[in-house]
Each structure stands twice: as structure tokens, then as C-alpha cells.
Amino acid sequence: MRDEHHRFSRQQLFAPIGEGGQIKLSEASVLIVGMGALGTVLANHMVRAGVGNLRIVDRDFVEWSNLQRQMLYDEEDARHSLPKAIAAKHKLERIYSGCRIDAHVSDVTPGNIGELMDGVTLVLDGTDNFQTRYLLNDACFQKGIPFVYGGAVSSRGMSAPFLPGDTCCLRCLLPESAGDGDGQTCDMIGVISPIIDIVASFQVVEGLKILVGDLERVRRSLLSWEIWDYHTYEMKLPAPRPECPSCGRREFPALQEGGSDVAMMCGRDTVQIQGKRPLDLELWKLKLQDAGEVSANPYLLRVQLIEGERLVLFPDGRVLVQGTEDPIRAKTLYARYIGM
Ligand SMILES: [Zn+2]
């Protein structure tokens with residue numbers, strides 16, 4: 001315990017945290033959804049700050065193009081195509097062994113969000129799409145869990161904290177019609193790493209205030225940055241809208257949606273198909289050996305198909321069809337090799 005005391009001494013000397021705040025951090029349970037650029041910075045800060053329990057969720061695996069900004073990963077992780085949640089867990093455990101890290105290689109859906117949020121005191125947004133953000137927002141406002149939004153693309157970013165029962169929610173601030181769908185994603189127009197660190201760091205500041213119980217000082221505004229030409233903009237959060245389907249009418253539309261089994265991964269030349277059954281990778285390695293060149297690690301199986309596309313199978317039943325943006329083509333290949 002003396003080691004722990006020494007370890008966090010600089011943070012405990014910071015009066016708004018203090019020893020009391022440090023104890024609260026050690027008892028906290030934080031969920032980070034998405035372990036890409038924002039998620040890796042968020043997790044790094046949370047673990048170094050001494051958060052006791054961290055749950056991380058990501059559906060993807062480490063690729064070379066991630067290394068420019070996804071700060072927990074290295075060339076080994078990319079070479080072995082490790083799932084991000086697993087690679088991040090390994091790295092985070094080396095940073096602070098006192099944090100219990102619960103890693104999930106999975107999509108976040110209306111079907112599993114309840115379980116993922118079980119026992120959680122704070123949710124940090126590391127996602128790259130509004131569909132998942134609205135889902136997190138609705139689940140947080142239903143359960144009364146604080147949620148800190150962050151997003152970054154190109155040299156621009158935004159962040160806002162939301163406190164159920166106090167502030168408005170993400171839907172009040174950015175209605176669904178104003179969400180993405182304009183093709184302005186990191187995969188289309190790129191992103192530079194400093195904007196990631198800025199956005200995630202501001203998310204972490206609000207997260208720490210929430211975790212140590214300094215709720216009065218939580219910033220009640222949307223901050224946005226453009227860092228190449230340098231502009232910054234701050235907008236006070238509007239009052240909760242009584243007609244908001246989430247925080248007002250409490251209908252939580254994202255939790256009601258059935259969730260499509262086919263998802264486009266924008267700009268990635270990839271279609272994701274969520275199968276109904278788990279996939280036994282050992283078995284599928286044998287089944288697919290004539291379909292093309294097969295390679296595997298304990299977390300995923302890849303098949304370079306003779307047709308040219310590539311299949312990536314995950315134990316939770318998901319299959320990525322890489323090399324096409326056409327959902328029909330993806331479904332055809334899925335039907336051909338996995339079966340509907
Ligand atoms: Zn709302």
C-alpha cells in the first residue's frame with residue numbers, strides 16, 4: 001500500500017483529488033467503448049490514474065495504419081493481427097498491474113450493452129460512429145451513468161460530458177439527423193494524432209471529476225477545436241429537451257432497434273456480417289482450408305479467398321468481408337463459405 005501511495009503521490013497532492021479521490025478512483029469501474037485512437041489514450045490515462053476496474057470493448061484488430069495514432073499498439077501487435085482489446089489489455093497490465101482489465105472482442109449492440117454496462121460508474125466514448133454513440137447515450141441515460149463524448153477527424157475534434165438527471169444528453173445536443181453520414185471519417189479524410197490526444201485528454205479531465213465526485217465542477221459545455229488553423233469554440237450545453245426521445249420521453253430509441261446483421265465499415269472496403277452462432281475457429285480452419293490461404297491466431301481466422309476478397313472470422317460469430325463495399329457481394333461470399 002505504501003508503494004501505491006508513492007505511486008499516486010503527485011496526483012494525491014493535487015487538492016481536488018487528494019487521498020479521498022484516489023480511493024474513489026481505485027473503487028471505480030470505467031467502460032471504454034472503442035479501443036482505437038481515442039480509446040487507447042483514454043485507457044492509458046485511466047489506468048495510470050489508478051482506476052481499479054476497466055472494461056474495454058473493441059471489434060477490430062490492429063493494422064499497420066493504426067500505429068500512427070493508436071498509442072498502445074506496436075509493430076508486434078500489427079504483425080500478429082491481435083484484436084485491439086487483447087493487445088490493449090496486455091499493454092495496460094504492464095502499465096499498472098493493480099487495475100483489473102476486462103477485455104471484450106466484440107461489437108456493442110442493443111443486445112449486449114446492458115451486460116457491458118453492468119456495475120460501471122462512468123462510460124467514455126472511444127467510438128468512431130454516431131450509431132454506437134447514440135446507443136451508449138441511451139443506455140447511460142436509462143441507467144443514470146455519466147457519459148463523456150469525444151470525436152475527432154482530420155485536425156478537428158469535439159467533446160462534451162453528459163450527466164443523467166442534470167445535463168442534456170447527446171441527442172439534445174446533436175440530433176440524429178445531424179450525425180455522421182457525410183463521409184467525413186478518418187478513413188476518408190485522415191486524421192493527425194495531436195487532435196486525438198487533445199480530445200481524449202479533455203474527456204479524461206471530466207471523467208476524473210466525475211469519478212472523484214467533484215460534479216459541480218464538471219464542465220457543462222461542448223468544446224470544439226480546429227488545431228491546424230487554430231480555432232477553438234465553446235458552447236454551453238442546452239437545457240434538456242422535454243421532447244428528446246432519450247432524456248425527455250425516455251424511449252431510448254437505440255435500445256429498441258433490432259440492430260442490422262450487416263454493417264458497412266465506412267471507407268474501409270469492408271462489410272461486417274454478424275452471424276447468429278459462435279464460430280469455432282479450429283473447426284473453421286479445417287473447413288475453409290480449400291477456400292484459400294488460411295492464417296489464424298487465437299482470436300481470429302483469416303482466409304484469403306481465391307475470389308480475391310478476404311474473410312476474417314471471430315469466435316463471437318462476426319465475419320468481416322474485406323475487399324468489397326457491396327453488402328450483396330459480402331452476403332454472397334458469407335453464404336458461400338459460412339452459410340446463412
Ligand atoms: Zn436528450
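Indexing begins at 1, ligand by ligand and atom by atom, following the structure's order. In what follows, residues are counted from 1 in the order of the sequence shown.
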Protein-derived N, O or S atoms sitting under 2.8 Å away from the Zn ion (ligand 1) total 4

Open item on the list: Strictly distance-based, threshold 3.5 Å: is any side-chain N or O of Asn297 a donor or acceptor partner for the main-chain N or O of Ser81?
Closed with: yes

- Query: Going through the distances and angles, do Asp107 and Gln272 end up as a side chain to side chain donor-acceptor pair (under 3.5 Å)?
  - Reply: CA-CA 10 Å; Asp107 222 352; Gln272 171 180 280; 2.6 Å; yes

| message | Using only atom types and a distance under 3.5 Å, with no angle test, would you say the side chain of Arg69 pairs donor to acceptor with the backbone of Ala37? | response | no

Note to self: Is there a side-chain contact between Arg302 and Leu300 in this structure, where contact means two heavy atoms from C-beta onward sitting under 4.5 Å apart?
What the structure shows: yes

Original post:
Can Tyr233 and Trp225 be said to form a ring-ring contact (aromatic ring centres under 6.0 Å, His included), step by step?
Top reply: CA-CA 6 Å; Tyr233 175 70; Trp225 301 266; over 10 Å; no

Exercise. So Phe8 and Tyr96, would you call those rings parallel, tilted or perpendicular, with 30° and 60° as cut-offs?
Worked result: perpendicular

